[in-house]
Amino acid sequence: MIKYDVKDLKLAEGGRRRIEWAAREMPVLGLIRERFAKEQPFKGLRISACLHVTTETANLMHTLQAGGADVVLTASNPLSTQDDVAACLVTHYEIPVFAIKGEDNVVYYKHIHAALDHKPHLTMDDGADLVSTLHKERRDLLENIIGGTEETTTGVIRLRAMAADGALAYPIIAVNDAMTKHLFDNRYGTGQSTIDGIIRATNVLLAGKNFVVAGYGWCGRGLAMRARGMGANVIVTEVDPLKALEAVMDGYRVMPMLEAAKIGDIFCTVTGDINVIDRHHLEVMKDGAILANSGHFNVEINIPALEEMAVSKRLVRPFVEQYELKDGRSIFLLGEGRLINLAAAEGHPASVMDMSFANQALSLEYLVKHADKMERRVYSVPEEIDREIARLKLAAMGVEIDTLTPQQLAYLNSWEEGT
Ligand SMILES: NC(=O)c1ccc[n+]([C@@H]2O[C@H](COP(=O)([O-])OP(=O)(O)OC[C@H]3O[C@@H](n4cnc5c(N)ncnc54)[C@H](O)[C@@H]3O)[C@@H](O)[C@H]2O)c1
């Protein structure tokens, strides 16, 4: 019997139906799975994955397993696990999972250690908690490791910092940097699922509300676009003049958080930064303001300050905590300030995760073939993988495009032709 730690194995059957439902929207990963089953690129290799335990991740685990890998999975966030999926992976796929929705930080890291006990040849991470634990506390395991992948912006930033310090001990491919990842997953995936999380948690009407988006990066663009589509008056806050200018020309109001704080009804941070909503912002917010975060860590809203300012707090609905402040105002915090799209909804739709996880699968295969020639640093996903995924996705969607004629190819590559 395999070792695991999940909430309840009886949830497995429901998980299986939902995993199969997600698979219908993941045709690119499906094609990769068929090829992996024949070619067995991971035969004899152990993989420790630290990812959000969702239906889409289950399909990725199944794909790696079909390719011969011996996989274990742990959560990349204490609130992002779907317990039915965890149960199904253990029961029906015999994949050890260490993840329980709502686990505390102690259990979260205990689970990361359990995944590392698997003595991986390859690591997969989302936020770099597994890789940093491995480098800080389990260095004995480093000698086995061929390479790894990283899913998200925040993780890539952490790993690049490790590489710059000379601390990174093996090559990592930054899946987030692939066009077929961040253009779609961060923008359309986070955009839609963050709105979904806020609505599922609160059931508030977005039309007519002042909706403040902090950060106009890939996720912020998608979130602002979708909030506007629901009829909200979107306000953007930024620190980067280029992104701020883009937001202005995209038609949003842009202002400092201190100004936005006074008029916002709903706030959502997606920056990867700390204390973007800080004490002095909380002090000027309207009674009833709703706060959420969709960035990777729960540090974007200064929750300790909110705790200090409050005289009482109570859970008014699942994932909605009311903080009553000394001056009588109430502020509502969603999902403990953790990524709201995974805490209160189901994370990104399968159709975008199809591309993100195709990048994961093909990047791992690339590492197996090339890691011996790679340095201890963070690499982008090879362009040929990125383009192949786009090609396969279009084909799966039944969309055809034109091909350059020989004349166009020559024209685009020449410098001699002009006016
Ligand atoms: N919820 C999810 O499922 C999900 C999915 C993908 C990425 N993420 C996470 O979301 C975060 C953002 O990712 P991204 O790809 O959009 O990153 P990005 O780098 O494209 O954008 C972040 C933006 O935030 C801005 N910013 C930084 N500090 C700020 C501040 N104090 N105030 C206002 N703006 C500020 C930056 O200038 C930048 O434009 C990361 O933590 C990433 O890991 C979450």
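As the structure lists them, so they are numbered: ligands from 1, and atoms in each ligand from 1. Nothing here was measured: the structure is a model prediction, and the numbers come from that model.
- Atom 19 (O) of ligand 1 has as its closest protein heavy atom Thr153 CG2, 3.9 Å.
- Considering both main-chain and side-chain atoms, Glu300 never comes within under 3.5 Å of ligand 1 through any nitrogen or oxygen pair.
- Contact record, Ala75 with Val53: CA-CG2, 4.0 Å, taken as the closest heavy-atom pair.
- For Ser294, the closest heavy-atom approach to ligand 1 falls below 4.0 Å.
- Look at Glu151 and you'll find every heavy atom at least 4.0 Å from all atoms of ligand 1.
- A donor-acceptor pair under 3.5 Å links the side-chain atoms of Glu300 to the main chain of Gly272, judged by distance alone.
- Heavy-atom proximity to Thr237, at under 4.0 Å, picks out these atoms of ligand 1: 33 (C), 34 (N).
- Residue Thr154 holds the heavy atom nearest to atom 40 (C) of ligand 1 of all those in Val239, Thr154, Asp185.
- Glu346 is not listed as a side-chain neighbour of Thr54, based on a closest heavy-atom distance of 4.5 Å or more.
- Counting only heavy atoms from C-beta outward, the side chains of Asp83 and Val6 never approach each other to under 4.5 Å.
- The nearest heavy-atom contact from the protein to atom 10 (O) of ligand 1 is Gly295 CA, 3.5 Å.
- Other residues, nucleotides and ligands contribute at most 12 non-hydrogen atoms within 6.0 Å of the CZ atom of Arg387.
- Among protein heavy atoms, the minimum distance from atom 38 (C) of ligand 1 is reached at Glu238 OE2, 3.4 Å.
- Counting protein heavy atoms only, atom 6 (C) of ligand 1 is closest to Cys219 SG, 3.6 Å.
- For the pair Lys110 and Glu103, the salt-bridge criterion is not met [side-chain N within less than 4.0 Å of a carboxylate O].
- Contact check for Leu367 versus Thr149: side-chain heavy atoms found under the 4.5 Å cut-off.
- In terms of protein heavy-atom proximity, atom 12 (C) of ligand 1 is nearest to Val270 O, 3.5 Å.
- If you check the side chains of Arg314 and Gln322, you find a donor sitting under 3.5 Å from an acceptor.
- With a 4.0 Å heavy-atom cut-off, ligand 1 is reached by the backbone of His296 and by its side chain too.
- When the heavy-atom distances from atom 5 (C) of ligand 1 to Val276, Ile157, Asn77, Thr190 are ranked, the shortest goes to Thr190.
- Protein heavy atom at the shortest distance from atom 22 (C) of ligand 1 is Thr271 O, 3.6 Å.
- Within the 4.0 Å heavy-atom criterion, the part of Leu339 lying near ligand 1 is the side chain and not the backbone.
- Asp177 and Lys181 are not joined by a salt bridge, as no carboxylate oxygen comes within less than 4.0 angstrom of a charged side-chain nitrogen.
- Side-chain polar atoms of Gln82 and His52 form no donor-acceptor pair below 3.5 angstrom.
- Separation of the Phe211 and Phe267 ring centroids does not fall under the 6.0 Å cut-off.
- Protein heavy atom nearest atom 2 (C) of ligand 1, with residue, atom name and distance: Asn341 ND2, 3.4 Å.
- Heavy-atom contacts of Asp240 reach the following atoms of ligand 1: 37 (O) (cutoff under 4.0 Å).
- The protein heavy atom nearest to atom 42 (C) of ligand 1 is Thr152 OG1, 3.4 Å.
- Not a single heavy atom of His182 sits less than 4.0 Å from an atom of ligand 1.
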